[in-house]
Amino acid sequence: MLDRQRGGAYLTVALTGAALFGVFLFLAYYLQVLRGYTPLQTGIGFLPMPVTIALTSTLIAPRILPRVGPKPMIVVGALFGAAGLLLLSRIGLDSDYWTTIAPGLVVLGLGMGNVFAAAFNTATAGIDPRDAGVGSAMVNTSQQIGGSIGTAVLSTLAADAVSRYLSSHGNSRSAEALAQLDSYHTAFLTSSGVFLAIAVIAFFLLRWGRLAPQRRPAQGQDDAAPVVAH
């Protein structure tokens with residue numbers, strides 16, 4: 001964590017988890033509670049994002065990362081993530097899936113594919129082979145901790161948005177639906193702000209340049225500490 005590059009990657013992963021877990025939660029609420037989707041339909045409705053993440057992280061990012069390094073990819077990817085969430089914040093009670101939700105998920109997935117590929121590689125680049133397991137576990141732990149904190153914070157903000165809306169517009173059935181919609185807007189806009197923060201943090205914290213090569217033990221040597229001759 002004392003390494004500037006690695007620490008920035010861990011922080012990026014944590015903040016990304018905080019913003020992304022909120023998307024899963026509140027978009028699922030929107031599709032099922034306000035739009036009447038079944039759980040299966042909701043799962044299918046999310047597919048544009050994971051498919052785009054998979055394609056970006058496996059086909060595009062591996063070609064770009066060795067050339068430009070992680071910093072530009074994380075900054076640009078975070079900006080795409082912020083843009084995707086801004087698109088999702090435009091949802092209404094009768095928004096069309098293909099013109100509002102799907103484009104937001106695709107843009108978000110494009111950003112996340114770049115962020116994940118760059119941040120995960122940065123977090124484990126140049127690490128001693130004996131510490132590879134710990135380094136990888138730290139990445140996953142950062143993501144889970146960020147997701148837990150993000151879900152709690154976004155849920156609190158969403159609940160507060162519902163309370164404020166109902167106190168201003170009454171407790172009619174239509175007001176309750178609009179209050180829920182307002183809470184989802186709050187969550188998406190807050191998550192968009194988190195992605196903007198990721199872009200700023202990555203720009204000032206990460207270094208320019210390519211990743212350090214992975215360290216490997218020399219042939220014929222085991223992982224034991226070298227013996228110093230006197």
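- Across L65 and A117, no two heavy atoms sit closer than the pair CD2-O, 4.0 Å.
- Atom CD1 of residue I74 and atom CZ of residue F116 lie 11.0 Å apart, to the nearest 0.5 angstrom.
- With hydrophobic clusters built from ILVMFWY side chains whose heavy atoms lie under 4.5 angstrom apart, F46 shares a cluster with M112.
- Judged by distance alone, with hydrogens and angles left aside, the side-chain atoms of S167 form a donor-acceptor pair with the main-chain N or O of R164 at under 3.5 Å.
- Taking 4.5 Å as the limit, some side-chain heavy atom of L154 sits within range of a side-chain heavy atom of S191.
- No donor-acceptor distance shorter than 3.5 angstrom exists from the side chain of D160 to the backbone of T156, with no hydrogens or angles considered.
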Distance-only donor-acceptor pairs under 3.5 Å for side chains of residues 23-37, two or more places apart:
from : atom 1 : to  : atom 2 : distance (Å)
Y30  : OH     : R35 : NH1    : 3.1
Y30  : OH     : G92 : O      : 2.6
R35  : NH1    : S95 : O      : 2.5
R35  : NH2    : S95 : O      : 3.1

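- Tracing side-chain contacts under 4.5 Å through hydrophobic residues (I, L, V, M, F, W, Y), one never reaches V106 starting from L85; they form parts of separate clusters.
- Atom CG of L20 and atom CG of L15 lie 12.0 Å apart (nearest 0.5 Å).
- Hydrophobic cluster membership differs between I101 and I44, with clusters built from Ile, Leu, Val, Met, Phe, Trp and Tyr side chains linked at under 4.5 angstrom.
- Note that CD of Q143 and CZ of F21 are 5.5 Å apart. Values are rounded to the nearest 0.5 Å.
- Interatomic distance, Y10 OH to I145 CD1, rounded to the nearest 0.5 Å: 12.0 Å.
- Nearest heavy atoms, T122 versus P70: OG1-CB, 3.0 Å.
- Of all the heavy atoms in V75 and A199, the pair that sits closest is CG2-O, 3.7 Å.
- The hydrophobic cluster containing L87 also includes V76, F80, V107, L110, under a criterion of side-chain heavy atoms closer than 4.5 Å among ILVMFWY residues, counted directly or through chains of members.
- Across all their heavy atoms, S183 and A158 have their closest contact at CB-O, 3.2 Å.
- Note that the CG atom of L205 and the CD1 atom of I198 stand 12.5 Å from one another [nearest 0.5 Å].
- Closest approach of T100 and L88 over heavy atoms only: O-CD2, 4.4 Å.
- A donor-acceptor pair under 3.5 Å is formed between the side chain of H185 and the backbone N or O of I91.
- The line from OG1 of T190 to CZ of F188 is 11.0 Å long, rounded to the nearest 0.5 Å.
- Of all heavy-atom pairs spanning S192 and L86, the tightest one is OG-CG, 3.6 Å.
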Could you list the donor-acceptor pairs under 3.5 angstrom formed by side chains in residues 49-57, with sequence neighbours left out?
from : atom 1 : to  : atom 2 : distance (Å)
T52  : OG1    : P48 : O      : 2.5
T56  : OG1    : T52 : O      : 2.7
S57  : OG     : I53 : O      : 2.7
S57  : OG     : A54 : O      : 3.3

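- Side-chain contact check for M73 versus I64: some heavy-atom pair is nearer than 4.5 Å.
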